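Everything on this sheet refers to the single structure shown next.
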Number of protein chains: 2
Amino acid sequence: MSIQERIAAVGIRLTPTERRIAQTVLDDPTLLTFGTVADLAKQAKTSHPSIVRFATKLGFEGYTDLQGWVRQGVADQLGTPGQRIRRPHGMESNVRADIQTSIDSTLSTLDSSTLQRLAKPLIGAERVWILSGETSRAGAYTLLSGLSMIRDGVQLIDQHNFGRDLSGATARDAAVAFDFARYRRSCVCAARALLDLGVPLVSITDSPLSPLASITDSWCVLKVPGVGPFDSSLPAVLAAELLVVEVAGELGPKIHDRIDRLEQLWNKTETFHRHSR
Amino acid sequence: MSIQERIAAVGIRLTPTERRIAQTVLDDPTLLTFGTVADLAKQAKTSHPSIVRFATKLGFEGYTDLQGWVRQGVADQLGTPGQRIRRPHGMESNVRADIQTSIDSTLSTLDSSTLQRLAKPLIGAERVWILSGETSRAGAYTLLSGLSMIRDGVQLIDQHNFGRDLSGATARDAAVAFDFARYRRSCVCAARALLDLGVPLVSITDSPLSPLASITDSWCVLKVPGVGPFDSSLPAVLAAELLVVEVAGELGPKIHDRIDRLEQLWNKTETFHRHSR
DNA sequence: CAATGTCTGTAACGAATTGTACATTGTGAT
DNA sequence: ATCACAATGTACAATTCGTTACAGACATTG
């Protein structure tokens with residue numbers, strides 16, 4: 001049983017101060033292994049007794065008992081240095097390595113200037129249309145969610161209603177198309193239709209040979225690793241998030257008011273659970 | 001420089017008792033990291049001052065100094081790789097580095113055994129319900145998409161129709177809940193409702209303090225980096241994909257037929273663009 | 001509005017910590 | 001034998017530790 005589990009076990013019964021202590025402990029595990037009551041109290045901005053109460057609430061006799069338990073845990077790991085680097089066995093390590101390099105590659109592909117170029121059409125656009133295939137749905141959703149929070153008029157287009165939704169698109173709008181590997185016919189068609197209407201198109205795909213890369217000049221190519229039987233959505237999601245950051249950066253302080261209003265709305269409608277952090 | 005090297009450096013100049021202390025320290029490194037002067041003295045069958053003299057002869061101010069140095073050494077190895085990278089840079093907010101370490105941390109959190117534990121309820125379940133908050137929507141979609149391809153009865157629950165959709169859930173089903181940071185009230189409520197119905201719940205969250213961690217025993221905690229104004233969805237998506245891989249692996253060759261059939265269906269309905277790759 | 005109970009910080013106390021002054025022992029040289 | 005000196009243990013002082021008692025603040029309830 002880890003310290004995380006032990007905290008979670010009583011998580012709901014913790015008072016605000018104890019919750020703060022828990023967070024502090026989770027942020028820096030060394031505090032608990034090496035630190036004293038005073039150290040912890042200072043870091044969590046509370047008093048000594050609250051630390052002790054925290055320890056007892058976790059089911060220990062006192063702080064000494066708690067610290068002893070934690071130390072026993074790290075002492076066990078300390079004894080066998082070989083255990084520390086236990087590599088995941090089997091082919092799994094390939095999947096993990098692939099994911100790492102994929103993220104790495106995506107980050108270097110989407111460097112500052114590329115990102116700027118891709119984000120540019122989205123900043124001044126009246127509306128932003130988002131198109132996506134199946135494996136890239138997560139990326140499209142991320143872009144929708146992120147962009148919606150910092151600007152109006154963002155629409156995710158479902159494959160079932162291309163005609164209805166796209167009919168009002170104009171050259172003052174912009175579109176982002178995600179499409180990977182098995183290019184969705186409907187997605188490609190919709191992208192072509194938008195281009196015909198004069199809408200600037202940003203396409204995020206996985207090959208220069210993609211049907212979407214050839215019909216626009218704002219595009220990027222991401223490397224998509226296979227994870228298990230299917231392709232990973234991570235590069236698409238990462239690209240979407242970086243795009244949001246870029247657009248947010250360009251819009252600057254204008255978005256602060258917007259976010260504040262969103263915050264107030266959430267509070268009023270009690271969207272969130274009470275004990276948030 | 002390790003403690004062994006430091007002892008060796010002054011090895012020749014050590015007195016008999018100091019030599020005994022050194023041997024004791026080398027036999028059990030735990031004594032130095034956690035023990036007090038009294039503990040060490042007892043173990044080495046000597047007196048308190050000899051311990052202090054031993055510390056000073058090694059070039060430290062006193063025992064406190066020596067122990068602090070040793071603890072710093074193990075603390076460096078103790079923290080996660082992500083924490084280690086972040087240490088020297090201080091509070092620097094580098095989005096790209098944060099993303100890298102976040103992926104890194106997620107991969108190490110979801111090791112083979114943890115993944116197995118989390119995936120287990122999803123394998124035999126009659127139906128799988130997926131709940132999600134806002135920032136984790138992308139992860140929920142990824143799980144829906146991936147799981148749907150390898151098994152039947154996967155449902156993504158929208159916050160607007162919890163009641164209608166969940167009413168038929170039974171103890172033979174399973175549920176996966178994504179919820180991060182600002183815990184969605186509706187998501188927490190739905191999770192509780194499912195638990196009341198006896199449905200096994202797997203929760204993927206960002207803190208042991210999450211309301212979802214405390215009410216189930218299949219859960220994991222992911223580190224979510226801030227990307228721009230909002231939190232990243234990458235850890236959730238990655239977790240979802242790894243879960244799919246795990247479930248797919250457990251189901252084994254059964255899923256091959258299923259995928260083949262899916263393939264044929266796609267071809268017949270011409271879902272994809274002709275020039276694929 | 002009073003009563004009650006929970007939460008949390010201040011103050012104090014005994015135990016344990018490290019470091020130091022001093023006494024004792026052991027050893028080798030003269 | 002005795003002196004010099006290093007090695008080691010004893011005793012004590014100054015902190016610091018963890019813990020407990022107590023009282024004020026705060027919210028909740030009747």
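A, B, ... follow the sequence lines: proteins, then strands. Residue 1 opens every chain. Everything numeric in this text was worked out from a predicted model, so none of it was measured.
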Q: Round to a whole Å and report the spacing from CD1 of A:Ile51 to C1' of C:dG9.
A: 12 Å

Q | Protein-nucleotide distance (B:Phe54, atom CZ; D:dG9, atom C1'), rounded to Å | A | 18 Å

**Q.** Integer-rounded Å distance: C:dT17 C1' and B:Phe34 CZ
**A.** 18 Å

(Q) In this structure, how many angstroms lie between the P atom of C:dG19 and the CG atom of B:Leu40, rounded? (A) 12 Å

Q. From B:Phe178 CZ over to B:Leu222 CG, what is the distance, rounded to the nearest 0.5 angstrom?
A. 9.0 Å

(Q) Under 4.0 Å from OP1 or OP2 of C:dG9: is there any side-chain N or O of A:Ser50 that close? (A) yes

Q: Side-chain contact test, heavy atoms from C-beta onward, threshold under 4.5 Å: evaluate it for B:Leu40 versus B:His48 and give yes or no.
A: no

Q: Please determine if B:Arg6 forms a cation-pi arrangement with B:Trp69, meaning its NZ or CZ atom is less than 6.0 Å from the six-membered ring centre and no more than 45° off the ring axis.
A: yes

Q.
How many whole angstroms separate atom NZ of B:Lys45 from atom C1' of D:dT8?
A. 17 Å

Q: Determine, for B:Arg53 against B:Glu18, whether the closest basic-nitrogen to carboxylate-oxygen distance falls under 4.0 angstrom.
A: no

Q.
Without decimals, in angstroms, what is the distance between B:Arg20 CZ and D:dA7 P?
A. 14 Å

Q. Please give, in whole Å, the distance from D:dA7 C1' to B:Ile21 CD1?
A. 12 Å

Q: Kindly compute the distance separating CG (A:Leu26) from CG (A:Leu31), expressed to the nearest 0.5 Å.
A: 11.0 Å

(Q) Can you see if the side chain of A:Thr46 gets near the phosphate of C:dT8 - specifically, an N or O under 4.0 Å from OP1 or OP2? (A) no

Q. Are OP1 or OP2 of C:dT8 and a side-chain N or O of A:Thr17 less than 4.0 angstrom apart?
A. yes

Q: Could you check how far CD of B:Glu18 sits from C1' of D:dT8, rounded to whole Å?
A: 10 Å

Q. Distance from B:Thr64 atom OG1 to B:Arg71 atom CZ, nearest 0.5 Å?
A. 9.5 Å

(Q) I need a per-nucleotide contact map over nucleotides 17-23 of chain D, read 5' to 3'. Cutoff is protein heavy atoms under 4.0 Å; write B for the base, S for backbone only, - otherwise. (A) SSBB---

**Q.** Qualifying residues under side chain to side chain contact (heavy atoms under 4.5 Å, CB included), relative to B:Ala174, sequence neighbours excluded
**A.** B:Pro121, B:Leu122, B:Ala125

Q: Answer yes or no: does a side-chain N or O of B:Thr15 lie under 4.0 Å from OP1 or OP2 of D:dT8?
A: yes

